[in-house]
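Okay, so here's the structure we're looking at.
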Amino acid sequence: MFTIRGGKPLRGITAVGGAKNAALPIMAAALAADSASVLHQVPDLSDVTTLSQVLMSLGMLVERRVDGTMRLEVINAQPCLADYELVRRMRASVCVLGPLLARRQRACVSLPGGCNIGHRPIDLHLKGLAALGAEITIERGYVFAQAGRLKGTDIYLGGPCGSTVTGTCNVMTAAALAQGVTVISAAACEPEVVNLGQYLNAMGAKIEGLGTPLLRIDGVDQLRGAEHTIIPDRIEAVTLIIAGAITRGRLRISGVCLEHLAGVLDVLRSIGVRIEAQGTTVAVSVPEALRPSDITALPYPGIPTDVQAQLTALLCLADGISVVTDKVFPDRFLHIPELCRMGARIRREGASGIISGVPKLSGSCVMASDLRASAALLLAGLAADGESVIRRIYHLDRGYERLERKLNMLGADISRVTDAPAHLPSSLQPSPEEMQQVNNDVCEPPPPKFLKLADVKSSTSYNILN
Ligand code: UD1
């Protein structure tokens, strides 16, 4: 768990690492190559470690260097099973489905199962692969897919919540090795999908339309390994910008790809965060009070759902009422009750959180439920008065590389400690006087009030009592 002493304005310069959501599908796509690939700027995250284990179980040699370089080479093309024990730890393991099927003609991949950010089916992945000619069955919690050579076709990949990011990755990679032309419409336009497409093209694929909803893929007979650089992580960049803003600090963040952040920078500026860009470095400060906003998370180029929780944390301290809606994952709101424990005033209403800004948050003991929720709680803890504890920070380690170290270099006071009662800060325990007061209240309860049924029925609280 983390213990955080909040209320310290962050100052200094820091840098953004490689994008998790680009690295994972790209690593998986290396399964489709005939020779070794070398990737640069692969972030050091537990999700990358988990996928490396999945790939090793599928006959791949994975070599990682401390400088973020990774070499991937298939040394045994026989295995086709991605086991539940590994897949359940990380949904993105499903990205091996397309490359395995295209290159080895069969794949058996565990269904990823439930997730704290809501229902996450993979029906669109399966629909796309079936359209390419795969025979797909689901048995005992596994997807069994097999095919001869896949055949190019027209595929519509839109779903009820828009496009699918990893679904597009799976189908695009499979189509790269199919016979003939595939046209994917309603494809995801996220920069991470573009980065994967560029890697596939470097391997010899012929993909046009990257970054648009219409992809045209001319299938090729084989893909060779390639050298490729992972793009900067736009979600980490926004998280760091909000860390500067929420603590009212002054930060410079380097290695940012501004082109990927247009929508979210526009929103942050409207909230009152000053963001000045020079090349790939941004300077962050907050000259005045934070203003409320009305934000909707949408597929790219909209505001990413992966920063919805962090923006919610920031808006808790804005001067007025904000609305944050998530149209990509309409149930992704488990951070709301935890932020409320810190003094935030937020009401969940369907796919939205309605936030009444408060002047300050108060340090508390809270529980992380998923990756981005843990980032939101960490941000709130940095801004809050007093000490906070965030439990289950293993969620954070899935997607941020040594985030607490980066923040501590900027003046934050975050400690990583074993989750044990002895490590709970004493400031978060009630004082002896408070305990005494509580005990007195318990010993001397107020005299009971008995209501007659008639009084209850005539009162406005009748419906509540029923
Ligand atoms: C990816 C990202 C995740 C991000 C999400 C949305 C990776 C490794 N993860 O997840 O960080 O939050 O995109 O930007 O890149 N859907 C279906 N059927 C499907 C697939 C998806 O209905 O077959 C729905 C989902 O339930 C969700 C929406 O489509 O409502 C978008 O999901 P999707 O883009 O597939 O998310 P992931 O690729 O799993």
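Only heavy atoms go into these numbers, but all of them, side chains included; no hydrogens, no water, no symmetry mates. Order of appearance sets the numbers: ligands from 1, and atoms from 1 within every ligand. Residue indices begin at 1 and follow the sequence shown.
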*Are E236 and K406 within salt-bridge range, i.e. N to O under 4.0 Å?*
yes
_Testing K20, R332, R234 one by one against D306 for a salt bridge (charged side-chain N to carboxylate O under 4.0 Å, His left out), which residue passes?_
R332
*When R398 is tested against each of T49, T50, D47 for side chain to side chain donor-acceptor pair (under 3.5 Å), which residue passes?*
D47
*asked:* What does the 4.0 Å heavy-atom contact list look like for ligand 1?
replied: N21, A92, H119, R120, P121, I122, D123, L124, H125, P160, C161, S163, T164, V165, T166, T305, D306, V328, F329, R332
*Check ion pair D83-R88 (N to O, under 4.0 angstrom)*: no
*Using the six-membered ring wherever Trp is involved, compare the ring planes of Y199 and H228 and label them parallel, tilted or perpendicular (cut-offs 30° and 60°).*
tilted
*asked:* I'd like to check the ring pair (Phe, Tyr, Trp, His ring centres under 6.0 Å) partners of H395; sequence neighbours left out, ordered by chain and number.
replied: none
